[in-house]
Amino acid sequence: MEGEFGFAQATPVQAAAIPLLLGNKDVVVEAVTGSGKTLAFLIPAVQLLGEPGRRSACLRDPCKIGAIVLSPTRELAAQSHAALLRLLGAGGVPLRALLLTGGHAGVTVADDLRRFRSAGGNIVVATPGRLEELLRTHGDALALALRDAFELLVLDEADRLLELGFSASIREILAHLPKQRRTGLFSATMTEAVGALARSGLRNPVRVTVAQGCAAPESAPDAAADADGRPRTPAELSILVHVVPSFEHRLALLLRLLAAPESPLSGRKSIIYLATCACVDYAAHVLPRLVPGLATCGELLALHGRLPQPRRAAVCARFRAAPGATWLLCTDVAARGLDFPDVDWVVQLDAPQDPTCFLHRCGRTARCGRAGQALLFLQPREDAYVDLMRNRGVAMQPWAPADALVPTGADADALVGQLQQLALHDRDVYEASLRAFVSYIRYYQEHHAKYIFRLRDLDVPSLARATGILKLPVMPELRTVFTPASLAAFLPTPHDPDAIPFACRVREDARLLRLARTQRERAEAQALRRAALKRKEANAPWSGQKARLAAKAERRDKKQRREDAAIKAQQLQAALRAEAAEDLSELRDDYRELVREKRNNK
């Protein structure tokens, strides 16, 4: 075992969990990253099914399923399967291991069932979605394989299984499994959802909490401990933080960390985490071109969830086998459970969208007693993230690069010019830069720690320069969140995006054909619109009739207005005549009265 896995003796988590699982106990295991959790459930599975004294049905029939291990990602499932094969080979145990994951083009669940029937599978390592589909479509065929043989169900990285939305799949799988079994939940962090799953799917489970390492660093004695005082990170892990003034300076510093001989990453095996898949693609495009001699310093690999599964598996295998001076650009697809040996540095260019992933990222180094460093870059307005992690029991020490590694403002400006020139001469780079910019805006907008990572506080002009885009894309986020004044610091270039060619001549010829077809279709559509307008204008009878009707209605309105005015004038004149006649009658009466008075006076 020591020669195969590097363990001279059982680790604390193995020493605590293995006897419980062998003793018919359900367990909930929480242990820090790199503590040997994988063997803590693989060894009991092999012993329960492979020891002759236990008379397991799996020893007699390779198509009897005795144990199932569920993993959240294909990479983690493949890693557990590889460890299981090594364990079976080292012990000479005649059991069959089967890996069930999706993502392989042309491979259906029917193919998986045929593979199981032909090769067998006493221990099945699977992703929940694939196993659920197999049980749903061929459950009757597998019921016999599970009967009288099933012993152990393991949920590896249980909290991640629930975070990825596999709770319904897990319930469906549990419904197909025998009630009499052992169940183990393994994870580096325990959440309320995991506790609820343990209460519903396990019978009186034993809680095992193992903290590898006795204390945190002396400078921060409680830094890596949780609320109960248990260390949450290995004692050999140093977590560092560095605040960079801008995105351009961060990229310039990364280039020096990769290429400079005095860099702590020089000759070291390192993982570099970025925010999104598009950011990984863009970095993989431009970093080798920005540093022409980078290939002589080490190998640069890229891994993210949108890569085809065979390529993802090839990248993982290549990085795992690399002896040193290899850098893996990746997203959080490589943050949980994956065991890459001899990783010296973990560099996080961006804080994870979910703060709970921070420790898992850091845990890719300092594994199995080996020392390691984890470095986080933050922007000036993101420094409250340090306090957030301190409140969660993780302290970070400030890190300052050597003077020779610190880029100047002129270095950052020159780097922006290089990026834009790369985009102008290669459409792959141009399109990758736009995707990286857009995805980063949305990463920031959807960040879980919104009170720290506020989109309105993001330095968009600096981000645009660091991604080498030529013009700001049309995005609702830019239009509704930011004012024109806040974006004015970015100066767009006057170049026509349609004129940027692909470096590959074949792709450029195909693009030009598509562009010509699009322009032709646009011209045809405009010609059709102009023709329709001319036909409408040429439809004189209809147009004249409408005009005549409108004129007639106008004349009718005018006539009505004149008649109304004439009636009012007549009414006014009649009223005036009546008033005048009344006044004249009163005057005559007054005159007669006056004449009568004069007569009487005589």
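- Side-chain contact between L376 and M396: present, with at least one pair of heavy atoms (C-beta onward) separated by less than 4.5 Å.
- Residue-environment remark: CG (D387) exceeds the threshold of 12 foreign heavy atoms within 6.0 Å.
- In this structure, the separation between CG on L294 and CG on L255 is 8.0 Å, given to the nearest 0.5 Å.
- Between the side chain of D111 and the main chain of T108, a donor-acceptor pair closer than 3.5 Å is present.
- Distance alone, capped at 3.5 Å, is enough to place a donor-acceptor pair between the K269 side chain and the F319 backbone.
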Check the pair Q47 / I18 against side-chain contact (heavy atoms from CB on, under 4.5 Å), numbers first and verdict last.
CA-CA 10 Å; Q47 283 189 279; I18 291 174; 4.1 Å; yes

For Y282 and Y440: C-alpha separation, side-chain torsions, deciding distance, then whether ring pair (Phe, Tyr, Trp, His ring centres under 6.0 Å) applies.
CA-CA 12 Å; Y282 180 65; Y440 196 91; over 10 Å; no

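- When side chains are defined from C-beta on, R336 counts as touching S187, because their heavy atoms get closer than 4.5 Å.
- The closest donor-acceptor contact from the side chain of K64 to the backbone of L144 lies under 3.5 Å.
- Two residues are said to be in side-chain contact when any heavy atoms from C-beta on lie closer than 4.5 Å; K179 and R203 fail this criterion.
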Let me see the working for R364 and Y273 under side-chain contact (heavy atoms from CB on, under 4.5 Å), right down to the final yes or no.
CA-CA 11 Å; R364 296 316 96 206; Y273 286 99; 3.0 Å; yes

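- A side-chain contact (heavy atoms from CB on, under 4.5 Å) with L251 is found for exactly one of L287, L349, T467, namely L287.
- Salt-bridge check for E133 with R136: failed, with every basic side-chain N at 4.0 Å or more from each acidic carboxylate O.
- Between the side chain of E157 and the backbone N or O of S71 there is no donor-acceptor pair closer than 3.5 Å.
- A donor-acceptor pair under 3.5 Å is absent between the side-chain atoms of T127 and the main chain of G129, judged by distance alone.
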Test side-chain contact (heavy atoms from CB on, under 4.5 Å) on I123 and V46; report intermediate values, then the result.
CA-CA 8 Å; I123 302 177; V46 172; 4.2 Å; yes

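- With hydrogens and angles disregarded, no donor-acceptor distance shorter than 3.5 Å links the side chain of N122 to the backbone of G66.
- Under a 3.5 Å cut-off, the side chain of E132 and the backbone N or O of E172 do not form any donor-acceptor pair.
- Taking 4.5 Å as the limit, every side-chain heavy atom of W399 sits out of range of all side-chain heavy atoms of Q373.
- How far CG of D344 is from OG1 of T326: 10.5 Å, rounded to the nearest 0.5 Å.
- A salt bridge is defined here as a Lys NZ or Arg NE, NH1 or NH2 lying under 4.0 Å from an Asp or Glu carboxylate O, and R367 with D339 meets this definition.
- Between F453 and H447, the ring-plane angle classifies as parallel under the 30° and 60° cut-offs.
- Side-chain contact between V107 and D112 is present, with heavy atoms from C-beta onward closer than 4.5 Å.
- Under 4.0 Å is where a charged nitrogen must lie from a carboxylate oxygen, and between D332 and R160 no such pair does.
- Here the rule is side-chain hydrogen bond (donor to acceptor under 3.5 Å, both in side chains) with D281, and of H304, R306, R435 only H304 fits it.
- At least one donor-acceptor pair under 3.5 Å links the side chain of T365 to the backbone N or O of V343.
- R181 places a side-chain N or O within 3.5 Å of a backbone atom of P178 that can act as its donor or acceptor partner.
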Worked verdict on S439 versus C279 for side-chain contact (heavy atoms from CB on, under 4.5 Å)
CA-CA 8 Å; S439 68; C279 290; 4.0 Å; yes

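- From R207, atom CZ reaches atom CG of L185 across 10.5 Å, with rounding to the nearest 0.5 Å.
- In this structure a side-chain-to-backbone donor-acceptor pair under 3.5 Å is missing from H360 to A335.
- Two residues are said to be in side-chain contact when any heavy atoms from C-beta on lie closer than 4.5 Å; L39 and T11 fail this criterion.
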